[in-house]
There are 2 protein chains.
Amino acid sequence: MKKGHQITMKEIAKKLGVSVSTISRALKDSPELHPETKRKIVEMAKEMNYQPNLLAQSLRISRSKTLGVIVPEITSHFFASCISGIQDAANKRGYNVMICQSNESLEQEKANIRTLVSSQVDGLLISLSRETNQYEHLYDLYDREINFVLFDRVQEDIPVSKVTFNDAGGAYQVVKHLLENGSRRIVYVSGPEDLYISKKRKEGYQKALSEYGIELDAALIKVSDLTTEGNVKVAAEIAEMQPRPDAVFCMIDPVAVDVLTEWKKLGVKVPEDIALAGFTDNPTAAVVEPPLTTVSQPGYEMGKLAVSHLLDQLDGIASEDPISIVLETTLVSRKSSQHF
Amino acid sequence: MKKGHQITMKEIAKKLGVSVSTISRALKDSPELHPETKRKIVEMAKEMNYQPNLLAQSLRISRSKTLGVIVPEITSHFFASCISGIQDAANKRGYNVMICQSNESLEQEKANIRTLVSSQVDGLLISLSRETNQYEHLYDLYDREINFVLFDRVQEDIPVSKVTFNDAGGAYQVVKHLLENGSRRIVYVSGPEDLYISKKRKEGYQKALSEYGIELDAALIKVSDLTTEGNVKVAAEIAEMQPRPDAVFCMIDPVAVDVLTEWKKLGVKVPEDIALAGFTDNPTAAVVEPPLTTVSQPGYEMGKLAVSHLLDQLDGIASEDPISIVLETTLVSRKSSQHF
DNA sequence: CTGTTAGCGCTTTCAC
DNA sequence: GTGAAAGCGCTAACAG
């Protein structure tokens with residue numbers, strides 16, 4: 001089974017005794033063409049099952065009508081939702097999408113950018129890896145005037161458009177909810193501290209506490225490396241804290257799920273002993289026992305918006321000045337937070 | 001912010017006062033080149049930050065080094081795993097990947113094939129949509145000698161390579177497990193009956209029953225359309241069956257999760273009243289209460305294998321004759337099946 | 001060892 | 001209205 005032969009304009013031209021340029025014109029519905037020849041050509045093209053060679057077309061017009069996407073992990077439900085939104089929105093506007101995953105590695109992220117740029121994508125949508133703590137590769141894109149927008153995992157200082165969630169706001173919502181339910185000693189389980197979301201969600205946590213006149217207690221901030229082992233370790237530490245905290249807010253759902261699982265082993269009951277909340281509203285959050293209170297983030301929407309804005313920039317519809325789009329999150333209150 | 005200018009070979013050539021072909025040769029490390037010129041060129045290319053234009057290259061050599069992937073849904077954890085495996089394996093062999101989702105629609109599937117073929121992918125990896133019950137578009141690919149392999153959701157009659165799970169075997173494993181645990185009246189909740197996996201898993205179900213000398217009872221076969229509503233309806237029907245079955249085997253985990261959730265509302269206890277099992281080992285399966293007995297399918301592996309085989313065919317390493325690769329599944333026994 | 005030439009499939013002036 | 005010709009960036013004979 002070898003690569004089959006694709007029909008080209010040349011062949012249609014020969015068959016019809018006209019020139020390739022006429023074929024090209026007919027197929028893009030140029031007005032300065034005899035309706036009859038046009039009809040004939042379109043018909044023949046259909047009959048011969050002609051499919052344009054997008055490669056040649058792109059090379060010629062130096063626009064590939066393809067966007068590049070880089071996410072840390074495709075298997076994460078949240079990023080999969082983003083991708084889904086990106087695909088749909090891009091296709092609707094006639095663009096294809098090439099997706100890459102960085103596997104949370106800076107090197108891989110750079111490599112992905114390189115191949116996507118080589119592939120002549122018209123623009124990039126990037127969500128940074130956890131490892132990414134230097135940004136030359138992004139400034140490099142910027143210097144080369146290659147369009148890109150950052151989404152979810154962004155770097156604040158780079159002067160490009162960004163789509164993010166109101167992370168601080170979401171954290172504020174959920175911590176306020178815990179406070180309203182009577183909790184006062186509330187632990188925040190953070191990820192690595194230089195992560196954008198670690199910082200933003202901590203901000204929300206602090207704001208909610210201070211509104212209730214509670215001073216920040218460094219002992220109540222736990223940091224996990226976000227591996228299962230790390231999460232389990234934190235869970236065990238919390239279980240042994242004296243006095244036991246009233247509630248725990250985990251930066252992301254998977255941490256909360258790991259904590260919950262570990263506590264079951266240790267005999268710590270949720271929400272009776274401690275209230276628990278996460279962030280993201282992963283599919284697992286709804287089905288664990290007890291169902292997990294969390295904050296939902298519309299990933300599909302985020303993907304759609306990021307694409308729209310990128311394409312608006314490419315098409316010159318949107319201003320060239322970078323903007324920041326902030327999506328609101330919604331509190332999803334479930335049983336895990338009904339402590340009192 | 002406009003599309004930036006990319007350095008071309010021509011520019012390097014001019015700067016160095018040599019011809020483009022020399023540049024081309026140097027950059028692909030041709031042996032018939034003066035080491036010194038080669039060194040100079042490579043150095044200059046690096047300095048000018050040259051990135052090859054893959055579009056031009058592909059057009060020239062009529063090989064895009066890109067594979068197309070079509071999955072029903074990116075947000076499904078299983079397919080996301082497959083994609084992840086596909087990406088990793090393809091990149092390792094120097095290929096890029098364009099991913100599309102059919103959203104379980106035949107029309108979308110056809111459209112995806114069209115754009116991927118237009119994009120000159122060297123081969124396709126396809127998992128069919130649920131709606132796909134006619135196959136001209138696949139035979140068309142076949143006739144045009146475009147390489148593709150089917151994975152997971154396959155059509156058996158098409159003479160191309162396929163990668164599947166031993167679905168019948170997996171179903172057999174889990175039903176046998178239910179039988180060993182003492183269940184005798186076992187319900188099978190199927191998806192639409194023309195789906196490949198509906199049939200295959202039913203086969204395994206039947207085989208296990210017949211080994212235990214149990215005759216097939218049509219009343220114990222339930223069909224869901226796989227929407228939440230459909231699953232809930234089936235759950236309610238089962239709850240009212242007289243006599244109540246001992247166990248329920250659902251074709252896929254999401255069905256089992258929906259059934260479990262509905263039964264909680266109806267007061268049916270798992271595993272005390274009825275044992276429950278699913279198939280796929282979604283992340284949710286491990287965290288529901290009680291944890292769900294299921295069958296795990298290595299999606300990442302499947303993706304890797306599908307790519308390897310496709311590329312082997314493209315590179316002429318593998319024979320052109322289609323083969324069928326069957327992956328084994330493993331039973332994951334959890335609490336939901338401990339009925340007796 | 002290196003340059004010249006042709007051409008991948010397509011679009012787009014510029015002629016007629 | 002339609003054709004001829006040039007060229008997008010690259011590779012690969014073919015010369016020398």
Side-chain angles (χ1 to χ4, degrees), chain A residues 3-42 44-45 48-66 94 115 117-122 144, chain B residues 3-42 44-45 48-66 94 115 117-122 144:
Chain A
K3 175 63 180 293
H5 177 67
Q6 298 261 112
I7 302 293
T8 68
M9 289 190 172
K10 207 171 165 182
E11 298 173 64
I12 307 184
K14 200 159 73 185
K15 202 137 192 166
L16 252 38
V18 295
S19 77
V20 262
S21 19
T22 305
I23 307 291
S24 175
R25 280 189 269 253
L27 262 25
K28 57 179 35 194
D29 208 24
S30 157
E32 45 175 33
L33 212 62
H34 193 94
E36 180 56 15
T37 21
K38 190 189 289 186
R39 199 193 52 71
K40 260 193 194 151
I41 291 172
V42 171
M44 178 58 85
M48 296 177 78
N49 196 12
Y50 169 77
Q51 311 260 103
N53 184 327
L54 258 39
L55 248 45
Q57 200 168 311
S58 301
L59 180 61
R60 180 60 237 253
I61 65 178
S62 36
R63 267 199 139 207
S64 63
K65 289 270 182 181
T66 300
T115 53
V117 168
S118 266
S119 299
Q120 311 297 118
V121 293
D122 292 338
R144 293 162 68 191
Chain B
K3 174 64 179 292
H5 178 67
Q6 298 260 112
I7 303 294
T8 68
M9 289 189 172
K10 206 170 165 183
E11 298 172 66
I12 307 182
K14 199 158 73 186
K15 202 137 193 167
L16 253 38
V18 294
S19 79
V20 261
S21 22
T22 305
I23 308 291
S24 175
R25 279 189 271 253
L27 261 27
K28 57 178 34 193
D29 208 24
S30 157
E32 44 175 32
L33 212 63
H34 193 95
E36 180 56 16
T37 22
K38 193 190 288 186
R39 199 193 51 72
K40 259 193 194 149
I41 292 172
V42 171
M44 178 58 83
M48 296 176 77
N49 196 11
Y50 169 76
Q51 312 260 104
N53 183 327
L54 258 38
L55 248 44
Q57 202 168 309
S58 301
L59 180 61
R60 180 59 238 251
I61 65 177
S62 34
R63 268 200 138 208
S64 63
K65 288 272 182 179
T66 299
T115 53
V117 168
S118 265
S119 299
Q120 310 298 116
V121 293
D122 292 338
R144 292 162 68 190

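All chains are named by letter (A, B, ...) in the order of the sequence lines, taking the proteins before the strands, and each is independently numbered beginning at 1.
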Scan nucleotides 13-16 of chain D against the protein and return all N/O pairs shorter than 3.5 Å with their distances rounded to 0.1 Å.
none

> What's the verdict on side chain to side chain donor-acceptor pair (under 3.5 Å) for B:Arg63 and B:Gln120, showing C-alpha distance, side-chain angles and the deciding distance?
Replying inline: CA-CA 8 Å; B:Arg63 268 200 138 208; B:Gln120 310 298 116; over 6 Å; no
Contacts table for residues 49-59 of chain A: side-chain donor-acceptor under 3.5 angstrom, sequence neighbours left out:
| unit_1 | atom_1 | unit_2 | atom_2 | d |
| --- | --- | --- | --- | --- |
| A:Asn53 | OD1 | A:Leu55 | N | 2.9 |
| A:Asn53 | OD1 | A:Ala56 | N | 3.1 |
| A:Ser58 | OG | A:Leu54 | O | 2.6 |

How many whole angstroms separate atom [atom1] of [X] from atom [atom2] of [N]?
X        : N      : atom1 : atom2 : result
B:Leu54  : C:dC8  : CG    : C1'   : 15 Å
A:Glu11  : C:dG9  : CD    : P     : 8 Å
A:Lys38  : D:dT2  : NZ    : C1'   : 13 Å
A:Met9   : C:dT12 : CE    : P     : 10 Å
B:Ile23  : C:dG3  : CD1   : P     : 9 Å
B:Asp122 : C:dC8  : CG    : P     : 18 Å
A:Asn53  : D:dC10 : CG    : C1'   : 14 Å
B:Leu27  : C:dT2  : CG    : P     : 14 Å

> Can you check whether A:Tyr50 has a side-chain N or O nearer than 4.0 Å to OP1 or OP2 of C:dC10?
Replying inline: yes
> A:Arg39 and A:Glu36: salt bridge (charged side-chain N to carboxylate O under 4.0 Å, His left out), yes or no, with the steps?
Replying inline: CA-CA 5 Å; A:Arg39 199 193 52 71; A:Glu36 180 56 15; 2.9 Å; yes
> Considering heavy-atom distances to DNA chain D, does A:Thr37 or A:Val20 have its closest nucleotide positioned more toward the 5' end?
Replying inline: A:Thr37
Please tell me which of the listed nucleotides, [options], lies nearest to the side chain of [X]?
X       : options              : answer
A:Ile61 : C:dG3, C:dT12, C:dC8 : C:dT12
B:Ser19 : C:dT4, C:dC8, D:dG3  : C:dT4
A:Thr22 : D:dC10, C:dG9, D:dG3 : D:dG3
A:Leu33 : C:dT12, C:dT2, D:dT2 : D:dT2
A:His34 : C:dG9, D:dG1, C:dT2  : D:dG1

> Does A:Thr115 offer a backbone N or O that forms a donor-acceptor pair with the side chain of A:Ser119 under 3.5 Å?
Replying inline: yes
>> Mind checking if A:Thr8 touches a base, just sugar-phosphate, or nothing, with heavy atoms under 4.0 Å?
In response: sugar-phosphate
>> Need one value for B:Ser58: base, sugar-phosphate or nothing, where a base atom within 4.0 Å counts as base even if backbone is also close, heavy atoms only.
In response: nothing
> More 5' along DNA chain C: A:Lys10 or A:Lys28, using each one's nearest nucleotide?
Replying inline: A:Lys10
>> Is it the case that the side chains of A:Thr22 and A:Ser19 hold a donor-acceptor pair, with the cut-off being a distance below 3.5 Å and no angle test?
In response: yes
> Is atom NZ of A:Lys38 surrounded by more than 12 heavy atoms (other residues, nucleotides or ligands) closer than 6.0 Å?
Replying inline: yes
> Of all heavy-atom pairs between B:Ile7 and B:Met48, which one has the smallest distance, and what is that distance?
Replying inline: CG1-O, 3.3 Å
>> Testing the basics here: between A:Leu27 and A:Ala45, what is the closest heavy-atom pair and its distance to 0.1 Å?
In response: CD1-CB, 4.2 Å
